[in-house]
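First the structure, in the form of structure tokens, and then the observations on it.
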Amino acid sequence: MPAVDENHVIAERREKLKAIRENAKLNGGVAFPNDFKPEHQAVALHAEFGGFENEVLQPRAVHVSIAGRMMLKRVMGKASFATVQDSTGRIQLFVSKDNFTDENSEAIYESFKHWDLGDIIAAKGVLFKTKTGELSVKVSELRLLTKSLRPLPEKFHGLQDQEVKYRQRYVDLMMSEETRATFIARSKVVSAIRSFMLDNQFLEVETPMLHPIPGGASAKPFITHHNALDMQMYMRIAPELYLKRLVVGGFERVFEVNRNFRNEGLSVRHNPEFTMMEFYAAYTDYLWLMDFTERCIRAAAIAACGTAVLQYQGRELDLSKPFQRLTIVGAIQKYAPQYTLEQLNDADFLRAEILKFGTKPFDHAGLGALQLALFEETAESQLWEPTYIIDYPVEVSPLARASDANPEITERFELFVTGREIANGFSELNDAEDQAARFHAQVKAKEAGDHEAMYYDADFIRALEYGMPPTGGCGIGIDRLVMMITDSASIRDVILFPHMRPEA
RNA sequence: GGGAGAUUAGCUCAGCUGGUAGAGCAGCGGACUCUUAAUCCGUUUGUCGCGAGUUCGAUCCUCGCAUCUCCUACCA
């Protein structure tokens, strides 16, 4: 399908490409050559030679070959400067026909004058420094490798339209050093986490993305259909139940970094597909997990930023200090001290109070669930410094092990940073009969109208019946972690191709 | 789902109380051998998001629609 947004600038460039094709035909060449192999990159050259004075540099005759996108061009009659950008950064070319080795120097220079910003070009030459001290390449060979048909955004202001930045991320990446830095940081975060897990004897695994029964979380799934089996399938909402099957199988430490899909709303904190790192370690519990998760996140921040003391949206965020730990009730008392302990243990009071915030709790919600709801309304958004919230009620934690001391609460935590949930972990429920009973309760809740309640997963129960060692497991939301580490306000800024409505 | 705002040249943006639209960049032509968003001279480019309505006349006022952004809700 031809592009519908043709304009006179593109038309001009198509004419130039046509001439390039014809010229290539005459000379036995091709319009889109692929025989140039750059041997150097911009930033490495600056690092290695940027410190030399020209009097030292030029006599050394450092020959280099580079390639990249032409971002700026300044023609001054018989000599020109051009700025080329490769994957590492930018370097300036000094182009004069006097320096060309090819005998057609006049023709090459004339064609160069008509090349456009955005074209991919290649150059060979020697390094020198200009009068103003900028490291540059005195070009002896110059080639056009790829003609660009579409004009770049305005060279000074760059791409400003947020919609285009998301839809045409390739243009955003060309134009914005900041966007490139964000996704480089994301890559560093993911590889740091992977290294951290491998260093701690975890095995990286891949479990199904297509589930016959959605499980492992409370969320609405995407539904799809398998033609050959003529069956409904679900895009996974969490890998949890499969990872625990692996622990049953004897892989005592496993982790998976991959996508989850949830058929829910979009916001600056939610994308329909998002990345989780979920891990399980046999013979550990939620206390061990909190310590481990904390170290993992700190390592990721240091890998990406060089420090664990960050700035987020203009406010300091210190990941170097030990993360705080508060119970749900303790967090309410700290951040909403207007409530008395008596009120916080009064289900009727809580129910009325939560209604004031415009949220209607389920009729079957118990004291713990009501306390949690009030926590979410009053305290959650204030948890700027990393804080583990613990003592989640059993009724909202159908996969977590109950506390040995108090059967109403679980050995579970959620980690909040900058007012957002970043991680969720718990000592796993490994009592198959208890798990079966909890699934039955979920099925009942579903029948009672709770659409996000879980399904009964008979194979998972069968797996637990073989015996799963006592285990701790946790999931870390990678996108939100990267938001935090890269000082990004929206989840869309840390996802290369965020979900968008189709173009009109 | 609810609310607020945005949409003007390829890009970045102006456009007064309603009288059919401008600048800079990019493009095209020219000058220029150390520029840095190069500079200087000349010059091309518009379904003013889409569709109705009010009006002699709508980029501007009204209504509807589309997309995006932010807030809010469900949620991680």
Side-chain angles (χ1 to χ4, degrees), chain A residues 3 5-13 15-16 54 71-83 90-99 109 113-114 116-118 128-134 136 138 148-168 171 175 216-220 237-238 259-278 357-360 376-377 380-381 414-417 420-424 450-452 475-481 483 489-493 498 500-504:
Chain A
D5 55 346
E6 291 282 329
N7 59 59
H8 70 282
V9 181
I10 294 176
E12 189 73 45
R13 291 188 180 204
E15 283 305 310
K16 290 180 186 177
N54 194 44
M71 302 303 288
L72 294 170
K73 189 172 85 159
R74 298 175 286 279
V75 177
M76 306 161 301
K78 295 185 175 63
S80 302
F81 288 96
T83 302
R90 295 181 172 196
I91 193 162
Q92 178 171 262
L93 306 183
F94 178 70
V95 183
S96 164
K97 73 177 170 60
D98 297 347
N99 299 320
Y109 189 74
K113 287 207 279 188
H114 294 94
D116 294 297
L117 298 185
F128 78 110
K129 278 200 166 174
T130 63
K131 282 176 182 168
T132 55
E134 179 167 349
S136 307
K138 188 170 284 179
S148 169
L149 295 175
R150 289 180 175 266
L152 294 179
E154 208 253 4
K155 63 189 175 188
F156 185 60
H157 298 91
L159 183 56
Q160 295 297 318
D161 187 324
Q162 196 58 247
E163 177 178 356
V164 179
K165 282 167 82 82
Y166 293 148
R167 286 194 196 276
Q168 300 182 48
V171 181
M175 298 306 296
S218 300
K220 298 188 196 79
I237 56 174
R259 229 66 65 76
N260 290 342
F261 305 85
R262 298 191 185 174
N263 204 342
E264 285 159 1
L266 292 83
S267 81
V268 289
R269 291 177 294 280
H270 300 88
N271 196 63
E273 51 180 303
F274 63 101
T275 301
M276 285 268 283
M277 197 280 283
E278 228 174 84
F357 290 98
T359 305
K360 192 179 182 305
E376 287 170 354
E377 296 295 346
E380 181 176 319
S381 64
E414 288 193 350
L415 173 62
F416 294 88
V417 189
R420 293 171 192 155
E421 187 188 338
I422 295 288
N424 174 22
D450 182 353
H451 297 294
E452 296 192 349
I476 300 175
I478 299 298
D479 310 278
R480 289 183 179 179
L481 179 64
M483 282 172 71
S490 170
I491 198 167
R492 290 183 158 185
D493 295 327
M500 303 283 277
R501 280 198 177 78
E503 277 183 85

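Given the structure is predicted, the values throughout are model-derived calculations rather than measurements. Just so it is clear: chains get the letters A, B, ... in the order the sequence lines come, proteins before strands, and each one is counted from 1.
Which of B:A76, B:G24, B:A38 sits closest to the side chain of A:E264 comes down to B:A76. For A:N7, the side-chain atoms get nearest to B:G10 when compared with the rest of B:A37, B:G10, B:U33. Distances from the side chain of A:K16 to the nucleotides B:C11, B:U33, B:G27 place B:G27 closest. Nearest to the side-chain atoms of A:S267 among the listed nucleotides B:U33, B:A73, B:U35 stands B:A73. Of the candidates B:A76, B:C68, B:C74, B:C74 carries the atom nearest the A:K220 side chain, counting heavy atoms from C-beta on. Side chain of A:R492, nearest nucleotide from B:U69, B:U33, B:U12: B:U69. The side chain of A:V9 approaches B:A26 more closely than any other nucleotide in the set B:C71, B:A26, B:A38.
Taking the side chain as every heavy atom from C-beta outward, A:D98 and A:Y109 never approach each other to under 4.5 Å. The shortest distance between side-chain heavy atoms of A:E421 and A:E376 does not fall below 4.5 Å. Taking the side chain as every heavy atom from C-beta outward, A:R269 and A:I491 never approach each other to under 4.5 Å.
Comparing the same atom, C1', in B:A58 and in B:A52 gives a spacing of 13 Å after rounding to whole Å. The C1' atoms of B:G1 and B:U59 are separated by 32 Å, rounded to the nearest whole Å. Rounded to the nearest Å, the gap between the C1' atom of B:C63 and that of B:U54 is 11 Å. Comparing the C1' positions of B:G49 and B:U8 gives an interatomic distance of 10 Å, to the nearest angstrom.
Look at A:R74 and you won't find any side-chain N or O under 4.0 angstrom from OP1 or OP2 of B:U35. For A:R167 and B:C68, the shortest distance from a side-chain N or O to OP1 or OP2 is below 4.0 Å. In this model, the phosphate group of B:A76 is not approached by any side-chain N or O of A:R480 to a distance below 4.0 Å at OP1 or OP2.
Closest approach of A:A238 and A:R262 over heavy atoms only: CB-NH2, 4.2 Å.
Residue order along RNA chain B, read from the 5' end via each residue's closest nucleotide, puts A:G77 first among A:G77 and A:D479. Ranked by how close their nearest RNA chain B nucleotide is to the 5' end, A:Q92 and A:I491 are led by A:Q92.
Between A:F94 and A:F128, the ring planes are perpendicular. Angles over 60° get that label, and only those under 30° would be called parallel.
One interatomic measurement links the two molecules: NE2 of A:H114 to C1' of B:A26, which rounds to 15 Å at whole-angstrom precision. In this structure, A:D116 places its CG atom 11 Å from P of B:A26, rounding to the nearest Å. Note: CD1 (A:I10) to C1' (B:C28) measures 16 Å, nearest angstrom. The NZ-P distance, from A:K73 to B:C25, rounds to 16 Å in whole Å.
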Where do A:H157 and A:E154 land on the side-chain hydrogen bond (donor to acceptor under 3.5 Å, both in side chains) test, with the steps shown first?
CA-CA 6 Å; A:H157 298 91; A:E154 208 253 4; 2.8 Å; yes

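Stacking is not found between A:F81 and the pyrimidine-like six-membered ring of the B:A38 base under the 5.5 Å centre-distance and 30° plane-angle cut-offs.
For B:U72, the base is anti relative to its sugar; the glycosidic angle deviates from 0 by more than 90°.
Residue side chain A:D98 reaches the base of B:U33 through a donor-acceptor N/O pair under 3.5 Å, judged by distance alone. A donor and an acceptor atom never sit less than 3.5 Å apart when one is taken from the side chain of A:E134 and the other from the base of B:U35.
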